[in-house]
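In what follows, a single structure is set out as structure tokens and then discussed.
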Amino acid sequence: MTKYHIALNNRFDLEQMNRDAQADKSPSHVMWDISQLLKATVYQPGEEPLLPLDRIRACISSRPEHWALARKLSSILKEDDVIFCTGEDIGFAIASLCGDRLHSPKIVVFIRNINRPRSRLLLKLFQLADRVDLFLTDNPALANFLRDYLGVAPNRVRLFCEQPTDISFFTPGLASANKKRPIIASGGLEKRDYGTLAEATRSLDVDVNICAFSPNATTLSRTFPKAIPANMSYRYYDWYELRQLYRDADVVAITLFPNNYQAGLSTMFEAMACRRPVIITQTPGIINDIINYGSVIGVNPGDFVELKAAILSLINNPKKAETIAQQGYELVRNHYNHNTYIKALVTTLTSKYD
């Protein structure tokens with residue numbers, strides 16, 4: 001009988017997150033729901049003692065705690081087991097140590113960003129093309145990379161949108177009563193270009209509020225302009241505050257540096273679920289598809305003049321803003337949400353291996 005396992009690439013208290021979601025304090029975590037449906041055992045990095053060899057392996061890829069967890073699983077997983085790995089960092093460590101045995105488990109890995117030197121080295125060094133049974137990715141370019149660079153058979157690479165936005169938490173609602181002028185909202189740190197957003201909005205009569213926080217000063221120095229305009233602020237928002245930020249926003253603007261993976265998707269879908277009009281930097285893949293569909297407005301990377309014009313076109317034309325917001329809202333409700341994601345992933349795992 002098939003037994004299912006889930007390996008998280010980061011630590012989460014799924015039970016507490018589920019309790020918070022039930023109390024409407026936060027979105028639900030799809031891995032909790034999936035683990036319940038599959039009766040899967042969930043493993044998290046950081047629970048095993050580290051050995052010197054874990055640190056040595058981490059010099060090539062992943063973190064020492066990923067390799068420590070992979071060591072543990074290499075003595076647990078059996079031939080009839082299926083393990084879903086939520087990222088390539090934990091997935092490649094598990095495949096490296098568990099995928100070369102005579103009776104290896106079935107290993108499914110979600111891929112986000114592997115077209116870089118260290119990842120390519122690990123893929124070749126540990127022959128991961130032969131050790132991972134199924135690669136999932138939401139990026140067509142990565143799917144092509146896996147087929148072309150590693151020669152992975154097409155039936156072992158599947159395009160799969162990983163944006164499980166909780167539409168029971170991120171919902172439309174009233175703006176705050178103390179709102180004084182239009183708000184341009186944004187969020188996230190991954191590949192974010194807030195310098196372009198600052199240039200586009202510094203002369204506008206708006207407040208630019210950004211949900212972004214990191215103790216890593218280097219990250220912030222790359223992400224934000226050296227001088228923050230008077231109308232721009234950024235800080236940590238808890239989940240409840242973030243939802244209200246979306247509801248307060250006249251426009252949600254997601255400005256990105258060029259990248260070869262799907263940065264910005266979570267913020268985009270959360271804003272769409274709150275029925276807010278979105279402007280986002282054009283990047284290949286799902287983002288461009290949704291821009292072409294007309295559910296969000298796309299702008300070129302680093303073009304603050306184009307971004308400013310797009311913002312003003314929405315602020316000065318409420319009907320246009322409402323049309324885009326409604327179209328994005330319907331797209332998320334019908335396609336890009338946690339219910340759709342849970343059903344699709346469970347179906348993928350059970351239909352392939354049961």
Working for side chain to side chain donor-acceptor pair (under 3.5 Å), residues Thr2 and Lys106: CA-CA 10 Å; Thr2 302; Lys106 307 300 185 297; over 6 Å; no

Could you tell me whether Asp80 and Lys3 have a side-chain N and a carboxylate O separated by less than 4.0 Å? no

Are Arg235 and Glu241 ion-paired here, with the side-chain N under 4.0 Å from a carboxylate O? yes

For residues [X] and [Y], report the shortest heavy-atom separation together with the two atoms involved.
{"X": "Ala93", "Y": "Ala70", "result": "O-CB, 3.5 Å"}
{"X": "Gly294", "Y": "Ile324", "result": "O-CG1, 4.3 Å"}
{"X": "Asn337", "Y": "Thr340", "result": "OD1-N, 3.0 Å"}

Separation between CG of Leu50 and CH2 of Trp67, rounded to the nearest 0.5 Å: 13.5 Å

Pairwise distance CG(Leu159) to OG1(Thr137) - rounded to 0.5 angstrom: 7.0 Å

Taking the cut-offs as 6.0 angstrom to the six-membered ring centre and 45 degrees off its axis, would you call Arg275 and Tyr329 a cation-pi pair? yes

Whether over 12 other heavy atoms sit under 6.0 Å from Lys179 NZ: yes

Quiz question: by atom type and distance under 3.5 Å, do the side chains of [X] and [Y] form a donor-acceptor pair?
{"X": "Arg19", "Y": "Gln22", "answer": "no"}
{"X": "Lys191", "Y": "Thr281", "answer": "no"}
{"X": "Thr86", "Y": "Asn9", "answer": "yes"}

Following the transitive rule for hydrophobic clusters with a side-chain heavy-atom cut-off under 4.5 Å over Ile, Leu, Val, Met, Phe, Trp and Tyr, establish whether Phe12 and Leu345 coincide in one cluster. yes

Is Leu53 reachable from Leu97 through a run of hydrophobic residues whose side-chain heavy atoms are each under 4.5 Å from the next? no

Per the side chain to side chain contact (heavy atoms under 4.5 Å, CB included) rule, which among Arg243, Glu270, His338 passes with Phe169? Arg243

Using the side chain to side chain contact (heavy atoms under 4.5 Å, CB included) definition, which of the options Leu307, Val299, Val305 pairs with Asp303? Val305

Ring centres under 6.0 angstrom apart (Tyr234, Phe224): yes

